[in-house]
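The structure appears below as structure tokens.
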Amino acid sequence: MEISNMEYFDVPALNHSSLLDYKNKGLSGFWKNTAFNPKRKKDEGSDAFLMGTLLHTLLLEPEKEKDILVYDYGKSIINKKYKEFQNDNQGKLIVNPEMMTKASALIQTLIDSKVWKNLVKDCEIISREQPIYFDYLGMPCKIKPDMLLKRKNGTYLILDYKSTDDMQRVLRFSESLGYDIESALYRLGVSFSYGVPLDDVDFVFVIQDKSEGRNICPARYSLAHENFMIEWIKSTIEYLGLYLAEFSKTKDDLAFLQPKDGEVLEFITMNREE
């Protein structure tokens, strides 16, 4: 398998999104969206996803700004005008003028902020938006850090940028969004790939309120919660590995849709914002 020639989301490996799908939706939910599933339907995208992609591009890959096309297709990508223009401009990031203006202002506010400057101060940039593939407990895994930095003392820092319309919701319900899975898995991936102790890898979310761009909050999980999630990831990867091994032999996706002989499925415990 030539990973270098594949899109990140198409590489058959476990990532934080697939682990979150299992946590929230069980085996069938995991199987529906995982890249291991040859019948997986690709997400057609949304306005929110497009805005997130634009913000990340402006912040982390400014050299790709030439591939951004500003086109007045209306307020939403869910229309014929957008689809036709997209078909004529494959490989380009197409946004409307309002989105481009707002995103540019948000990112400029972010990089000018004391929060951002203090986080990246005296750090060496190792990578930006670069995938990392690694094997963990015999299973292929993948992560894609927004920004990976190395401090003067030799420790590593992963920065992950999030934008939101509701800062309090993100801070209160981060676990239901899978942020703790992301943080723990990314720390594991950098630790494995760079050969450094897990304690020498930090993860900080940089959360920006889209309605008030100056409201920028750096946030992280406690060490106790990180350790708990790492143990959860270990047991979950081992568990999913059994089903993926069965599928690789039988090519029968019923392994993810109904219990094995003699087993009874557990109810799914959903993360609810209550």
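Below, all heavy atoms of this structure are taken into account, side chains as well, without hydrogens, waters or symmetry copies.
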Requested in this report: List the steps, then state whether side-chain contact (heavy atoms from CB on, under 4.5 Å) holds for Phe256 with Ser28.
Outcome: CA-CA 5 Å; Phe256 295 92; Ser28 59; 5.8 Å; no

Report task. Decide side-chain contact (heavy atoms from CB on, under 4.5 Å) for Leu106 and Met51; before the verdict, give the C-alpha distance in whole Å, the side-chain angles of both, and the deciding distance to 0.1 Å. Result -> CA-CA 11 Å; Leu106 284 171; Met51 181 61 164; 4.2 Å; yes

Report task. Could you walk me through whether Asn227 and Glu231 pass the side chain to side chain donor-acceptor pair (under 3.5 Å) test, one step at a time? Result -> CA-CA 6 Å; Asn227 290 338; Glu231 291 303 315; over 6 Å; no

Requested in this report: Take Asp209 and Ser211 through the test side chain to side chain donor-acceptor pair (under 3.5 Å) and record every step on the way to the result.
Outcome: CA-CA 6 Å; Asp209 191 329; Ser211 61; 2.6 Å; yes

Requested in this report: Mind running side-chain contact (heavy atoms from CB on, under 4.5 Å) on Ile68 and Leu58 for me, showing each step along the way?
Outcome: CA-CA 10 Å; Ile68 300 174; Leu58 294 176; 4.0 Å; yes

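Taking Tyr194 as the reference, Tyr156 meet the ring pair (Phe, Tyr, Trp, His ring centres under 6.0 Å) condition, with sequence neighbours excluded. With sequence neighbours excluded, the residues forming a side-chain contact (heavy atoms from CB on, under 4.5 Å) with Ser18 are Leu14, Asn15, Phe30, listed by chain and number.
Within the 3.5 Å criterion, the main-chain N or O of Ile233 finds no donor-acceptor partner in the side chain of Thr236. Without hydrogens or angle criteria, Asn215 side chain to Gln208 main chain gives no donor-acceptor distance under 3.5 Å. Without hydrogens or angle criteria, Asp146 side chain to Tyr161 main chain gives a donor-acceptor distance under 3.5 Å.
Between Lys117 and Ile111, the closest heavy-atom pair is CE-O, 3.7 Å. Nearest heavy-atom pair across Leu171 and Ala219 is CD2-CB, 4.3 Å.
In this structure, the ring of Tyr73 has its center no less than 6.0 angstrom from the ring center of Phe85.
Cation-pi check for Lys251 over Phe247 is met; the charged atom lies under 6.0 angstrom from the ring centroid and within 45 degrees of its normal. Cation-pi geometry between Lys142 and Tyr8 is met: the NZ or CZ atom falls under 6.0 Å from the ring centre, inside 45° of the normal.
Between Lys39 and Asp253 there is a salt bridge, since at least one side-chain N of the basic residue sits less than 4.0 Å from a carboxylate O of the acidic one. A salt bridge does not link Arg128 with Glu61: every distance from a Lys NZ or Arg NE/NH1/NH2 to an Asp or Glu carboxylate oxygen is 4.0 Å or more. Using a 4.0 Å cut-off between charged side-chain N and carboxylate O, Asp160 and Lys162 make a salt bridge.
For Phe9, the CZ atom is loosely surrounded, since the number of other residues' heavy atoms within 6.0 Å does not exceed 12. Atom NZ of Lys81 has more than 12 heavy atoms from other residues, nucleotides or ligands within 6.0 Å. When the shell of 6.0 Å around NZ of Lys210 is examined, it contains more than 12 heavy atoms from other residues, nucleotides or ligands.
The closest side-chain donor-acceptor pair between Ser174 and Tyr221 falls under 3.5 angstrom.
A side chain to side chain donor-acceptor pair (under 3.5 Å) with Arg151 is found for exactly one of Asp202, Asp200, Asp122, namely Asp202.
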